[in-house]
Amino acid sequence: MEPIVRTRDLRKVFRRPQRRPGVAGALRALFSPAFAETVAVSDVSMEIAAGELIGYLGPNGAGKSTTIKMLTGILVPTSGVVEVAGLIPWRRRTENARNIGVVFGQRSQLYWDLPLRESFELLRAIYDIPRARYRVNLDEFIDILEMGEFLDTPVRQLSLGQRMRGDFAAALLHDPRVVYLDEPTIGLDVVAKEAIREFILRINQQRGTTVLLTTHDLADVERLCRRIVIIDRGRLLYDGTIEDLKDAYGRTRRLVVEFAEPQDHVVVEGATLEHTDRCTARFAFDRGAISADRLITALVARYAVRDVAIEEPDLEGIIRRIYLEGISPSEVLRP
Amino acid sequence: MQAWRIRLLTMLEYKANFIMWFAFTIAYHGVAIAALGATLYNFPSLAGWNFRQIAFLYALWMLGHSTHNLLFFSIGEVPVYVQEGTFDRFLVRPRDVLFQIVSVPNQQWPDELALALVWFVFATWYAHVRIDAVFLVAVPLVVAGGVLIDLAISLATATIAFWFVRVDTLRWVVMSLEQEFTRYPVSIYTRGVRILLAYVLPYAFMNYFPAVYFLHKSDQGLAIVPWLGLLAPAVGAVWFAAAYSFWRLGLNRYQGTGS
């Protein structure tokens with residue numbers, strides 16, 4: 001299947017005036033400005049098939065927003081190829097705008113002083129949405145996002161969760177084929193987050209809308225995405241499924257044991273003791289080398305055990321290691 | 001059309017704000033005209049212009065300026081959009097960016113324009129301007145030219161924000177220049193200032209040159225044909241075209257740097 005979003009060797013370099021410390025430095029910069037080049041996005045190649053829901057991850061300043069700005073046509077790439085639904089976004093900005101929807105979690109695109117309903121009306125005019133289609137979409141969004149009770153309240157009086165739901169509807173009214181969601185759950189409470197996740201899943205599954213989601217909340221990713229793309233310092237570190245990432249990076253499981261009586265020396269073959277306080281102990285073991293079942297059997301044979309628990313490697317821990325160590329999991333994945 | 005409806009709704013959202021603005025507008029122009037009256041009380045004529053004629057000069061500027069404010073005030077907000085990062089939203093929508101900015105709902109009421117119309121009618125009578133077919137055709141054209149001149153200058157000023165994010169000072173300077181130099185006949189200034197007002201920031205085409213024509217004054221200073229003021233729409237069009245090219249250049253820069 002033809003990918004709907006395609007980038008090849010996409011690169012963005014910013015040339016920014018370099019700041020020098022202090023007043024003297026600022027004055028010097030005024031007369032002889034020095035420039036520093038920052039590579040925000042470096043040789044990013046990826047393809048997204050129509051209907052996919054992809055998590056785009058990376059620490060702050062990794063280049064996520066710059067990538068999205070190139071995909072939406074806001075920024076012109078320094079070099080490389082970018083194509084969305086067959087168009088080069090920055091060259092055909094307005095045509096591309098009809099194909100895409102954008103939600104910036106930190107910046108609302110609704111009109112501050114107007115009721116939601118009026119913001120939607122204005123968007124209908126901007127996008128030339130046929131009236132019948134507009135009505136169908138709006139009714140559906142009002143229904144599933146439960147916007148009925150605050151549709152006529154000025155946006156400035158809405159809670160963050162209500163405003164976010166409004167922003168989602170605003171970004172989707174014109175039936176975009178691709179939506180970019182930039183930290184859409186930021187600052188939301190658990191209930192509001194769940195409502196937003198449900199909605200994302202729904203438009204992806206029922207309308208076949210392609211979704212590119214950036215977030216720092218890995219619960220969003222685990223709940224919604226099969227495939228994730230990780231970027232750091234402008235470079236692509238990983239592109240694949242969450243399971244593969246866990247397999248490659250999360251081979252180490254942990255076994256937490258609670259003893260019936262205090263133990264001074266605990267030893268079990270096939271596992272390394274990480275921590276003990278005589279009443280409990282935590283072992284790390286490679287799940288490829290030994291099964292949890294065998295490990296527990298060996299333990300119970302030697303000690304009186306009250307309780308055991310197995311800790312699976314979590315995505316957060318894996319991602320944290322990738323960010324901190326900066327190693328490409330793709331290298332790890334390669335046999 | 002939709003944009004106008006929305007704008008009306010936005011304005012109605014803050015009725016108290018409107019009342020305060022209206023009071024301020026009246027006070028502002030009242031003080032300006034009173035100051036002119038006081039000056040002319042001490043010097044019965046400025047470069048051959050009496051108070052009645054200067055009142056007409058002011059009215060002509062006010063018409064163009066208030067129409068510009070009513071239609072294009074949000075252009076002045078561009079630096080704020082760039083600074084806050086809200087400018088991006090215009091780029092992800094399928095319309096011309098400038099058109100979108102102009103249609104952003106704002107708090108500009110037609111109160112200043114209404115006031116300008118009232119004052120213009122009064123000043124025309126007060127200055128004994130002959131009302132004939134030429135006058136009736138020329139005034140709207142001259143006002144349109146004035147709007148374009150104002151628009152060109154505010155657009156060019158706003159565009160500078162793509163290079164230097166904070167341009168408040170520059171905006172302030174340009175606004176003060178406009179207020180200062182549209183009140184008096186240009187002929188009272190030195191040659192350098194006159195050339196500036198005629199050809200660099202062509203405020204003289206908003207009111208002075210047209211007033212020279214309507215009032216049958218003569219302008220020895222710039223040695224020009226009496227009907228020069230009727231070229232206001234052409235001057236406005238040329239300046240707007242130049243400002244718009246500059247704007248396109250700024251927009252390209254923004255899309256290159258995203259600053």
Side-chain angles (χ1 to χ4, degrees), chain A residues 12-17 40 65-66 68-78 89-104 106-115 117-129 154-156 167 170-171 174 176 179-180 182, chain B residues 1-18 21 73-74 77 80-109 162-166 169 248-259:
Chain A
K12 182 72 199 176
V13 181
F14 291 119
R15 189 166 166 271
R16 294 229 158 100
S65 293
T66 305
I68 289 191
K69 284 182 179 179
M70 288 192 278
L71 291 172
T72 50
I74 295 172
L75 281 180
V76 181
T78 306
W90 56 274
R91 202 168 270 163
R92 317 259 298 268
R93 190 186 62 77
T94 50
E95 283 162 87
N96 181 59
R98 290 188 187 280
N99 292 332
I100 63 165
V102 191
V103 174
F104 294 112
Q106 318 239 38
R107 287 168 199 150
S108 179
Q109 57 167 328
L110 305 166
Y111 293 89
W112 205 238
D113 292 325
L114 295 172
R117 191 190 294 279
E118 298 299 340
S119 278
F120 295 153
E121 270 293 319
L122 196 60
L123 288 169
R124 187 191 63 70
I126 288 175
Y127 286 95
D128 287 323
I129 308 168
V155 171
R156 62 172 192 279
D167 260 307
H174 59 285
V179 289
Y180 307 104
D182 196 358
Chain B
M1 260 315 84
Q2 193 61 37
W4 287 102
R5 199 178 90 83
I6 297 277
R7 191 161 156 187
L8 188 67
L9 287 167
T10 308
M11 294 194 296
L12 291 170
E13 213 24 62
Y14 296 102
K15 294 164 203 91
N17 187 41
F18 164 66
W21 258 117
F73 190 79
S74 22
E77 299 293 303
V80 181
Y81 298 142
V82 173
Q83 199 186 335
E84 288 180 350
T86 40
F87 190 80
D88 287 350
R89 82 167 176 218
F90 301 115
L91 288 164
V92 298
R93 289 186 183 158
R95 295 280 163 173
D96 178 70
V97 175
L98 192 56
F99 172 79
Q100 289 183 67
I101 287 168
V102 168
S103 19
V104 166
N106 60 26
Q107 289 286 316
Q108 291 296 311
W109 290 73
F162 292 128
W163 281 269
F164 308 98
V165 175
R166 297 290 294 257
T169 322
R248 298 292 315 182
L249 199 72
L251 205 56
N252 283 341
R253 186 193 143 88
Y254 180 85
Q255 293 194 272
T257 61
S259 58

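Just so it is clear: chains get the letters A, B, ... in the order the sequence lines come, proteins before strands, and each one is counted from 1. Fair warning: this is a prediction, and the values are worked out from it, not measured in the lab.
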Taking side chain as everything from C-beta outward and backbone as N, CA, C, O, which of these in [X] sits under 4.5 Å from a heavy atom of chain B? Side chain, backbone, both or neither.
X        : answer
A/Pro154 : side chain
A/Ile74  : both
A/Thr78  : neither
A/Arg156 : side chain

Polar side-chain atom of A/Lys12 near backbone of B/Gly256 as donor-acceptor pair, under 3.5 Å: yes

Candidate pair A/Asp167 and A/Leu110, rule side-chain contact (heavy atoms from CB on, under 4.5 Å), full reasoning: CA-CA 7 Å; A/Asp167 260 307; A/Leu110 305 166; 3.8 Å; yes

Within-4.5 Å side-chain heavy-atom neighbours: A/Thr66 and A/Met70: yes

When A/Asp113, A/Asn96, A/Val76 are compared by non-hydrogen pairs under 4.5 Å with chain B, the top option: A/Asp113

Among the listed options A/Glu95, A/Arg93, A/Arg107, A/Arg98, the residue most often paired with chain B at heavy-atom distances under 4.5 Å: A/Arg93

Could you list the donor-acceptor pairs under 3.5 angstrom formed between side-chain atoms of residues 89-103 of chain B and any protein atom two or more places apart in sequence or on another chain?
from	atom 1	to	atom 2	distance (Å)
B/Arg93	NH1	A/Tyr111	OH	3.4
B/Arg93	NH2	A/Gln109	O	3.3
B/Arg93	NH2	A/Gln109	OE1	2.9
B/Arg95	NE	A/Ile126	O	2.9
B/Arg95	NH2	A/Ala125	O	3.3
B/Arg95	NH2	A/Ile126	O	3.2
B/Arg95	NH2	A/Asp128	OD1	3.2
B/Arg95	NH2	A/Asp128	OD2	3.0
B/Asp96	OD2	B/Leu98	N	3.2
B/Asp96	OD2	B/Phe99	N	3.1
B/Gln100	NE2	B/Phe90	O	2.8
B/Gln100	NE2	B/Arg95	O	3.0
B/Ser103	OG	B/Phe99	O	2.5

Non-neighbouring partners of A/Pro176 that pass side chain to side chain contact (heavy atoms under 4.5 Å, CB included), sequence neighbours left out: A/Leu172, A/His174, A/Val179

